[in-house]
Amino acid sequence: MVIPLIELVNVSKYFGYGVIGLVRFPAVDGVDLKIGGEKPEVLTLVGESGCGKSTLAKIMLRILRPTSGVAKYMGKDMWRLKRSEVRRFIRDVQPIFQDPMDTFNLFESVESYLISAARNLLKLNEEQATERIAQTLEFVGLTLDKVRGKRPQEFSGGELQRLSIARALLVQPKLLIADEPVSMLDASLRINILNLLRSAKEEFGTSILYITHDLATANYIGEKIFVMYRGSIVEQGNIEKVINKPLHPYTKVLLDSLPDYRMGREWFKKQLPQTLRTVIEVREMLLKGCKYIYYCPYKTQQCYEKPIMIEVEKSHEVACWMYYE
Ligand SMILES: Nc1ncnc2c1ncn2[C@@H]1O[C@H](COP(=O)(O)OP(=O)(O)O)[C@@H](O)[C@H]1O
Ligand SMILES: [Mg+2]
């Protein structure tokens, strides 16, 4: 039995909602998930905005503590690690954020930030650190000369996202968690960054978890997919199988509307005032059973109970009572 790098067991995260936060709703609800352990792979987590992707990412990055359930790192509760194990966790699991500015310190040159990161996390001397940085920068298509003496503000958005990828890869992590890493970049730059993430798997043996609301880019880069709806994973498995034969009624809708998905549903949601949007979402998030019940044409009485994840074919699972015998 291989121990997964990250394993979530029935993990939920509740937030307060409303003026004084009296209503509590699960942004993540009962998620079971395993990542890493065997060969490196490119995984994608897909779902519309507000479905809990970033919350789930922060749980896996040990930034947010689950309200209930257990988030494990190498088989151990990640909130009960020894100090040395926390250090190893930080080396093994690295984040890439939507806004690359979040990675860097505005008042420090990028070069000295990279050097201190390499020295602190890897315990390298200055010469070794510089060498490692040069190698990693080369991988992302930059050079030390180009970076030297410059502060984050002096780079373009695309360059800065490359630098934050270099920063994350510096420690040669086992897993990179990239939360909407291209959504702030010009369309013309996106594909380059996605290619870079994909080749990081080959170059460094790093698994990638690419998080996005955009199914098209997920399909472009991914090998395995998790489809999320209102805090729960509704379908997961080999991405080709999921795309060619979607099982969950929500995944089907997501795929049907693929070309105009963002133009349609996402556009419509953006027109609603934030409060109203949240009321609708929270109403669904509070459901104990299937969260898709209000829209589902196939719903039955059973759907008021929480659906169990069922393997319908090899490497293809769905949480839907329709497939349950
Ligand atoms: N710190 C927080 N406090 C209260 N509500 C939050 C907090 N973070 C996220 N939420 C809410 O949790 C839900 C999921 O948010 P998020 O995980 O950011 O979704 P996504 O990344 O898929 O867009 C949203 O309704 C959001 O408003
Ligand atoms: Mg998000």
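This chain uses plain numbering: 1 for the first residue, then up along the sequence.
- In terms of the side chain to side chain donor-acceptor pair (under 3.5 Å) criterion, Ser207 has no residue partners (sequence neighbours excluded).
- For Arg83, there are no side chain to side chain donor-acceptor pair (under 3.5 Å) partners two or more places apart in sequence or in a different chain.
- The environment of Gln128 atom CD is dense: over 12 non-hydrogen atoms of other residues, nucleotides or ligands sit within 6.0 angstrom.
- Among pairs with a residue in residues 123-155, those fulfilling ring-ring contact (aromatic ring centres under 6.0 Å, His included) read Phe139-Phe204, at least two apart in sequence or across chains.
- Within 6.0 Å of NZ in Lys146 there are 12 or fewer heavy atoms belonging to other residues, nucleotides or ligands.
- No more than 12 heavy atoms of other residues, nucleotides or ligands lie within 6.0 Å of CD in Glu38, so this atom counts as exposed by the packing criterion.
- Test His316, His248, Lys252 against Glu235 for side chain to side chain donor-acceptor pair (under 3.5 Å) and you get one pass: His316.
- Taking Thr44 as the reference, nothing meets the side chain to side chain donor-acceptor pair (under 3.5 Å) condition, with sequence neighbours excluded.
- Classified by interplanar angle (parallel below 30°, tilted 30° to 60°, perpendicular above 60°), the ring pair Tyr250/Tyr229 is tilted.
- Here the CD1 atom belonging to Ile59 is positioned 10.0 Å from the CH2 atom belonging to Trp79, to the nearest 0.5 angstrom.
- Under the salt bridge (charged side-chain N to carboxylate O under 4.0 Å, His left out) criterion, Lys241 pairs with no residue, sequence neighbours left out.
- For Thr130, the side-chain contact (heavy atoms from CB on, under 4.5 Å) test picks out Ile115, Glu126, Leu144, with sequence neighbours left out.
- If you take CD1 on Ile239 and CG on Leu215, they are separated by 7.0 Å, rounding to the nearest 0.5 Å.
- Looking only at distances, no side-chain donor or acceptor of Glu202 sits under 3.5 Å from a matching main-chain atom of Ser199.
- Residues Leu56 and Leu8 have side chains in contact (heavy-atom distance under 4.5 Å, counting atoms from C-beta outward).
- Residues satisfying the side-chain contact (heavy atoms from CB on, under 4.5 Å) criterion with Gln153, sequence neighbours excluded, are Met101, Leu106, Arg151.
- Leu287 contributes atom CG, which lies 10.0 Å from atom CZ of Arg230 (distance to the nearest 0.5 angstrom).
- Residues satisfying the side chain to side chain donor-acceptor pair (under 3.5 Å) criterion with Thr103, sequence neighbours excluded, are absent altogether.
- Checking Leu197, Asp92, Leu176 one by one against Thr206, the side-chain contact (heavy atoms from CB on, under 4.5 Å) holds for a single residue, Leu176.
- Judged by distance alone, the side chains of Tyr210 and Arg198 never bring a donor and an acceptor atom under 3.5 Å apart.
- Applying the salt bridge (charged side-chain N to carboxylate O under 4.0 Å, His left out) test to every pair with at least one member in residues 55-73, sequence neighbours left out, gives no pairs at all.
- Rounding to the nearest 0.5 Å gives a distance of 9.5 Å between CG of Leu185 and CD of Gln98.
- Around the CD atom of Glu108, the shell of radius 6.0 Å holds more than 12 heavy atoms that belong to other residues, nucleotides or ligands.
- Partners of Lys82 by side-chain contact (heavy atoms from CB on, under 4.5 Å), not counting sequence neighbours, listed by chain and number: Ser84, Glu85.
- Between Trp321 and Tyr324, the ring planes lie perpendicular to each other; the angle is over 60°, past the 30° to 60° tilted range.
- Residues meeting the ring-ring contact (aromatic ring centres under 6.0 Å, His included) test with Tyr220, sequence neighbours left out: none.
- In terms of the side-chain contact (heavy atoms from CB on, under 4.5 Å) criterion, residue partners of Glu240 (sequence neighbours excluded) are, by chain and number, Asn238, Asn244.
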